[in-house]
Chemist: 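Can you keep this structure in mind? I'll have questions shortly.
All values derive from a computational prediction rather than experimental measurement.
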Amino acid sequence: MKTAILAIPLALVMSSALAQAPQPGGKFGFVHTERILRDSAPAVRAQKQIEGEFQKRDRELAGIADQLKRMQEDLEKNGMTLSESQRRTKEREFGDLNREFQRKQREFREDLNQRRNQELARVVEQANSVIRQIAEQEKFDIIFQEMPAYVSPRIDITDKVIKALEGKPPSK
């Protein structure tokens, strides 16, 4: 009797799950997120904007790197002819500038990564909106975004998403 009582709820759960399962022949799609983040117009614009924002700091770091190189070459070339105190002073100046360079370089990388992540998050948000629109318009049951081992070109809708992000109507 206990088995029959337990079997009824289990049968109800199973029939409910089967009723909600996707029907065979559903429409599937796939999007290469990496291509969108690399090739779409919003991603390209974001990259150019970031490059413009960080160009001045990048040139400053390159200038400090050149200065450090010249200082090191000078120390190697003239280190033996300098007095002990002059050599120590130049080594200390080199060390101070090198530490400043390392600090600025680390801050630059952190700021650049933070800005890049902000901009890429915006592109992903736009892409997800476009993907939802395409899914609704073309009646997709599911669209995958992670990189599988193989994707048939028949279900790859990445080009449609990129065109939609560029403001062009996607081809069906």
Chemist: Of the non-hydrogen atoms in Ala127 and Ile36, which two are nearest, and what is the gap between them?
Modeler: CB-CG2, 4.0 Å

Chemist: Using 0.5 Å steps for rounding, measure from the OG1 atom of Thr158 to the CG atom of Asp39.
Modeler: 10.0 Å

Chemist: Could you grab the distance from atom NZ of Lys160 to atom CD of Gln133, nearest 0.5 Å is fine?
Modeler: 13.5 Å

Chemist: Excluding sequence neighbours, so at least two apart, what forms side chain to side chain donor-acceptor pair (under 3.5 Å) with Arg132?
Modeler: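 Here no residue qualifies.
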
Chemist: Who pairs with Arg57 by side chain to side chain donor-acceptor pair (under 3.5 Å), at least two apart in sequence or on another chain?
Modeler: Asp111

Chemist: Return the set of residues passing side chain to side chain contact (heavy atoms under 4.5 Å, CB included) with Asp96 (not counting sequence neighbours), or none when no residue passes.
Modeler: Arg92, Arg99

Chemist: Partners of Ala43 by side chain to side chain contact (heavy atoms under 4.5 Å, CB included), sequence neighbours excluded?
Modeler: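 Side chain to side chain contact (heavy atoms under 4.5 Å, CB included) list for Ala43, sorted by chain: Ser40, Val123.
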
Chemist: Might you work through the salt bridge (charged side-chain N to carboxylate O under 4.0 Å, His left out) test for Arg122 and Glu125, ending with a clear yes or no?
Modeler: CA-CA 5 Å; Arg122 285 189 190 129; Glu125 189 177 309; over 6 Å; no

Chemist: Roughly how far, to the nearest 0.5 Å, is the NZ atom of Lys77 from the CG atom of Leu82?
Modeler: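 Interatomic distance, Leu82 CG to Lys77 NZ, rounded to 0.5 Å: 12.0 Å.
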
Chemist: If you look only at distance, which donor and acceptor atoms sit under 3.5 Å apart when one is on a side chain in residues 62-76 and the other is two or more places apart or in another chain?
Modeler:
from: Asp74; atom 1: OD1; to: Asn78; atom 2: ND2; distance (Å): 2.5

Chemist: Taking ring pair (Phe, Tyr, Trp, His ring centres under 6.0 Å) as the cut-off, I'd like each qualifying pair that reaches into residues 72-100, sequence neighbours left out, listed once.
Modeler: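 Non-adjacent pairs meeting ring pair (Phe, Tyr, Trp, His ring centres under 6.0 Å): zero.
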
Chemist: Restricting to non-hydrogen atoms, name the atom on Leu61 and the atom on Gln105 that form the minimum distance, rounded to 0.1 Å.
Modeler: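 Nearest heavy atoms, Leu61 then Gln105: CD2-N, 3.8 Å.
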
Chemist: Going by the rule salt bridge (charged side-chain N to carboxylate O under 4.0 Å, His left out), which residues pair with Asp156 if we only count those two or more places apart in sequence or in a different chain?
Modeler: none

Chemist: Are any of the side-chain heavy atoms of Glu60 and Lys56 separated by less than 4.5 Å?
Modeler: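 In short, these two side chains do not touch, never coming nearer than 4.5 Å.
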
Chemist: Any donor-acceptor pair under 3.5 Å linking the side-chain atoms of Gln47 with those of Glu51?
Modeler: yes

Chemist: Just one of Glu107, Glu100, Gln102 clears the side-chain hydrogen bond (donor to acceptor under 3.5 Å, both in side chains) bar with Lys104, so which one?
Modeler: Glu100

Chemist: Just to verify, what does Glu93 make a salt bridge (charged side-chain N to carboxylate O under 4.0 Å, His left out) with, not counting sequence neighbours?
Modeler: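 Listed in chain order: nothing, the list is empty.
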
Chemist: Sub-3.5 Å donor-acceptor pair from the side chain of Asp141 to the main-chain atoms of Phe28, do we have one?
Modeler: no

Chemist: Work out which heavy atom in Ile143 is nearest to a heavy atom in Ala135; give both atom names and the distance.
Modeler: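 Ile143 and Ala135 have their closest heavy atoms at CD1-CB, 3.6 Å.
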
Chemist: Would you kindly confirm whether Leu112 and Leu120 end up in one hydrophobic cluster when ILVMFWY residues are joined by side chain heavy atoms under 4.5 Å apart?
Modeler: no

Chemist: Within the supplied structure, the quantity of interest is the number of heavy atoms (other residues, nucleotides, ligands) at a distance under 6.0 Å from Arg103 CZ; does it exceed 12?
Modeler: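 More than 12 within 6.0 Å, yes.
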
Chemist: Assess whether atom CD of Glu34 is packed by more than 12 heavy atoms of other residues, nucleotides or ligands within 6.0 Å.
Modeler: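 12 or below, so no.
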
Chemist: Please name the pair of heavy atoms, one in Glu119 and one in Ile50, separated by the smallest distance, quoted to 0.1 Å.
Modeler: CG-CD1, 3.7 Å

Chemist: Under the rule for ring pair (Phe, Tyr, Trp, His ring centres under 6.0 Å), what residues qualify as partners of Phe140, not counting sequence neighbours?
Modeler: none

Chemist: Gln49 and Glu53: side-chain hydrogen bond (donor to acceptor under 3.5 Å, both in side chains), yes or no, with the steps?
Modeler: CA-CA 6 Å; Gln49 180 181 353; Glu53 288 176 22; 3.2 Å; yes

Chemist: Step by step, would you call His32 with Val161 a side-chain contact (heavy atoms from CB on, under 4.5 Å)?
Modeler: CA-CA 10 Å; His32 287 275; Val161 174; over 6 Å; no

Chemist: Mind checking ring pair (Phe, Tyr, Trp, His ring centres under 6.0 Å) for Phe54 and listing every partner two or more places apart, or none if nothing turns up?
Modeler: Phe108

Chemist: Using a 4.5 Å cut-off on heavy atoms from C-beta on, say whether the side chain of Ser129 contacts that of Gln126.
Modeler: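 Of all side-chain heavy-atom pairs linking Ser129 with Gln126, none is under 4.5 Å.
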
Chemist: Looking at every non-hydrogen atom in both residues, tell me the closest pair between Arg38 and Val44 and how far apart they are.
Modeler: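 Of all heavy-atom pairs spanning Arg38 and Val44, the closest is O-CG2, 3.9 Å.
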
Chemist: Minimum heavy-atom separation for Thr33 and Gln145, please, with both atom names.
Modeler: OG1-O, 3.2 Å

Chemist: Can you list the residues that meet the side chain to side chain donor-acceptor pair (under 3.5 Å) rule with Glu136, with sequence neighbours excluded?
Modeler: none

Chemist: How many angstroms lie between NZ in Lys139 and CD1 in Ile134, if you round to the nearest 0.5 Å?
Modeler: 14.0 Å

Chemist: Could you tell me which residues satisfy side chain to side chain donor-acceptor pair (under 3.5 Å) with Gln86, sequence neighbours excluded, listed by chain and number?
Modeler: Ser83

